Amino acid sequence: MKILMINVTCGTGSTGRICTDLAEVLSEKGHEVKIAFGRDEVPEKFKKYAVRIGSDLDVNIHALKARLFDSAGFESKKVTKEFIKWVKDYDPDIIHLHNIHGYYLNVEILFNYLKTCTKRIIWTFHDSWAFTGHTPYCDVINCEKWKDGCHNCKLKKEYPKTYLDYSKRNWKIKKELFTNVKGMQIVTPSNWLQGLVKESFLKEYDVSVINNGINTKAFYPRKSHILKDYGIKDKFIVLGVSSVWDHMKGLDDYLELSHLLSDDCKLVLVGLTQEQVDNLPSNILGITRTESIDQLAMIYSESDVFVNLSYCENYPTVNIEALACGTPVLTYETGGSPEIVRKYGGAVVEKKNILAVKDKINEMMKTNTSIALIPEENDVDHMIKKYLKIYEMINDRRKI
């Protein structure tokens with residue numbers, strides 16, 4: 001089969017790595033895979049899959065217009081038309097959508113094509129953007145306007161930031177575009193997001209849950225002293241990892257937490273920009289973004305607890321990666337983040353309750369929290385098998 005994935009990144013960030021993990025296994029099984037992406041650099045080993053949609057300039061223009069007119073996902077007309085021409089020439093058997101927002105793609109042009117192309121279509125949701133009038137993060141404020149029609153969005157100052165509020169218009173356009181796509185299958189990585197989709201205007205579709213998988217051959221407990229190279233010795237290491245750090249990822253909460261931890265602890269944040277590292281208080285070790293899986297796995301393994309203070313999560317791969325490296329996870333009760341933690345080890349606390357986070361860390365220091373071994377169902381191969389079943393199911397359905 002020829003499989004085309006569409007995602008904002010290729011090989012970087014959580015969704016980008018999911019795409020390349022899928023691509024590598026599918027290629028090994030004899031399938032041809034391309035990943036159309038919109039932004040960020042592509043690691044050398046994944047360039048054979050990569051097809052760029054537009055350029056950095058196109059992304060910047062889209063972002064600017066979105067800021068002015070609340071039109072994220074509705075710009076980039078020229079580059080999307082060019083991309084659709086490429087798709088027609090490539091002629092894939094399956095089109096697998098992932099994150100289609102991110103200032104690189106026009107969803108009107110895309111879905112007008114998808115509704116007539118007679119291809120098999122899968123759409124994996126990594127957030128709630130598809131059924132809201134603006135935000136991917138409706139759960140941050142427990143907003144449910146999207147059930148009947150968005151308006152007066154309270155998150156317009158969050159990604160994708162805008163000065164004007166056209167959430168009512170956007171919701172109506174998305175409803176018209178994204179419904180009645182013949183044979184489309186929706187996948188969510190978490191039970192939590194599946195529940196939201198079933199209450200949205202997309203409830204007409206079959207919605208399957210396929211948990212995100214990781215490469216357990218890369219993420220496993222390792223003997224490492226990598227953090228000692230940064231000057232950390234004899235400390236209880238509290239780790240946070242993200243590909244992008246902002247207040248939605250809980251950065252302000254980590255800063256507050258750092259002042260509550262005892263001198264026996266050291267807070268380490270991975271994935272920061274150099275500017276963010278330079279502005280950190282001295283009680284936090286900041287490490288810039290790394291695409292080295294080996295380095296990341298060693299940092300997970302050397303840490304005592306992985307803390308996820310994000311305000312919006314689906315089924316975060318960082319939680320799985322930490323657990324696979326033998327490190328318990330402490331997470332906010334947000335989205336699907338608690339699902340794997342409750343299965344295999346760690347703790348869940350109320351969102352924004354920093355004192356509860358501090359207390360749990362102190363408790364873990366005393367009790368040496370143990371976790372269950374991550375079973376094979378959390379490996380990328382298992383995730384691939386489930387996607388292959390959906391590919392085959394859609395194929396059989398279209399033959400009827």
Side-chain angles (χ1 to χ4, degrees), residues 4-10 13 15-16 19 34-40 42 50-92 94-136 146 150 153 156 158-182 184 186 200-202 205:
L4 170 64
M5 299 182 205
I6 303 176
N7 187 59
V8 64
T9 59
C10 175
T15 61
C19 289
K34 292 294 181 183
I35 302 171
F37 73 103
R39 56 196 301 172
D40 289 356
V42 179
V51 177
R52 179 78 190 262
I53 301 174
S55 64
D56 289 345
L57 177 61
D58 295 311
V59 169
N60 291 336
I61 292 172
H62 190 146
L64 175 61
K65 290 182 176 180
R67 182 72 61 90
L68 295 173
F69 307 116
D70 196 11
S71 56
F74 299 102
E75 304 295 344
S76 299
K77 292 181 180 180
K78 181 180 178 182
V79 296
T80 304
K81 288 177 181 178
E82 292 171 351
F83 170 62
I84 295 301
K85 288 180 182 178
W86 178 89
V87 175
K88 290 177 179 178
D89 290 337
Y90 183 64
D91 194 26
I94 292 171
I95 297 175
H96 189 166
L97 310 177
H98 287 268
N99 264 1
I100 61 172
H101 59 86
Y103 309 126
Y104 74 105
L105 196 62
N106 183 288
V107 296
E108 289 183 280
I109 294 170
L110 175 65
F111 271 81
N112 285 336
Y113 165 73
L114 294 178
K115 285 187 174 183
T116 60
C117 69
T118 71
K119 302 294 182 183
R120 288 162 275 164
I121 302 165
I122 299 173
W123 191 356
T124 298
F125 285 7
H126 298 284
D127 51 50
S128 58
W129 184 85
F131 52 84
T132 73
H134 178 79
T135 181
W146 49 268
C150 290
C153 182
K156 73 176 186 178
E158 305 297 340
Y159 167 83
K161 291 182 179 180
T162 181
Y163 297 116
L164 302 176
D165 178 12
Y166 285 106
S167 57
K168 183 176 182 179
R169 173 203 66 186
N170 293 345
W171 184 89
K172 288 181 178 180
I173 295 174
K174 286 182 182 180
K175 181 179 180 181
E176 177 67 25
L177 285 174
F178 299 159
T179 55
N180 300 312
V181 182
K182 188 176 180 181
M184 185 168 75
I186 291 176
S200 75
F201 56 66
L202 298 168
Y205 296 109

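Computed from a predicted structure; not experimentally measured.
- For the atom pair CG (Asp56) and CG (Asp40), the distance works out to 8.5 Å, reported to the nearest 0.5 Å.
- With no hydrogens or angles considered, no side-chain donor-acceptor pair links Asn170 and Ser167 at under 3.5 Å.
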Residue pair Asp70, His134: steps toward the side chain to side chain contact (heavy atoms under 4.5 Å, CB included) verdict | CA-CA 8 Å; Asp70 196 11; His134 178 79; 2.8 Å; yes

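- For Pro160 against Pro136, the heavy-atom pair with the smallest separation is CD-CD, 4.1 Å.
- Annotation: side chain of Ile109 is in contact with side chain of Lys81 (closest heavy-atom distance under 4.5 Å).
- No more than 12 heavy atoms of other residues, nucleotides or ligands shown are found within 6.0 angstrom of CD on Glu176.
- For the pair Lys174 (side chain) and Trp129 (backbone), a donor-acceptor distance under 3.5 Å is present.
- A 4.5 Å side-chain heavy-atom check between Ile35 and Thr9 finds every atom pair outside the cut-off.
- Remark: the backbone N or O of Leu68 is not paired with any side-chain donor or acceptor of Thr162 at under 3.5 angstrom.
- When atom types are taken as modelled, the side chain of Lys77 and the backbone of Asn106 share no donor-acceptor pair closer than 3.5 angstrom.
- Looking at Phe74 and Glu108, their side chains come closer than 4.5 Å, going by heavy atoms from C-beta outward.
- Of all the heavy atoms in Ala130 and Leu202, the pair that sits closest is CB-CD1, 4.3 Å.
- Taking the side chain as every heavy atom from C-beta outward, Thr135 and Glu158 never approach each other to under 4.5 Å.
- Nearest heavy atoms, Ala66 versus Ala72: CB-N, 3.6 Å.
- Distance alone, capped at 3.5 Å, places no donor-acceptor pair between the His98 side chain and the Val8 backbone.
- Heavy-atom minimum distance, Trp86 versus Val51: CZ2-CG2, 3.7 Å.
- Using a 4.5 Å cut-off on side-chain heavy atoms (C-beta onward), Phe178 and Phe131 make no contact.
- Closest heavy-atom contact between His101 and Tyr159: ND1-OH, 2.8 Å.
- Between the side chain of Asp165 and the backbone N or O of Cys153 there is at least one donor-acceptor pair closer than 3.5 Å.
- Here the closest non-hydrogen pair linking Asn99 and Tyr104 is O-OH, 2.7 Å.
- For the pair Trp123/Tyr205, no side-chain contact is recorded, criterion being any heavy-atom separation below 4.5 Å from C-beta on.
- Formation of a donor-acceptor pair under 3.5 Å by the Lys115 side chain with backbone atoms of Leu177 is found in this model.
- Side chain to side chain, Asn7 and His126 fail the donor-acceptor criterion of an N or O pair below 3.5 Å.
- Exactly one residue among Met184, Met5, Arg120, Lys119 makes a side chain to side chain contact (heavy atoms under 4.5 Å, CB included) with Ile95. That residue is Lys119.
- In Lys65, the NZ atom is not crowded: 12 or fewer heavy atoms of neighbouring residues, nucleotides or ligands sit closer than 6.0 Å.
- At a threshold of 4.5 Å between non-hydrogen side-chain atoms, the residues Phe111 and Ile173 do not count as touching.
- One distance of note links CD1 of Ile121 with CD1 of Ile186; it measures 11.0 Å at 0.5 Å rounding.
- A side chain to side chain contact (heavy atoms under 4.5 Å, CB included) with Arg39 is found for exactly one of Ile53, Asp58, Val59, namely Val59.
- Surrounding OH of Tyr166 are at most 12 heavy atoms belonging to other residues, nucleotides or ligands under 6.0 Å away.
- No side-chain heavy atom of Asn112 sits less than 4.5 Å from a side-chain heavy atom of Ile84.
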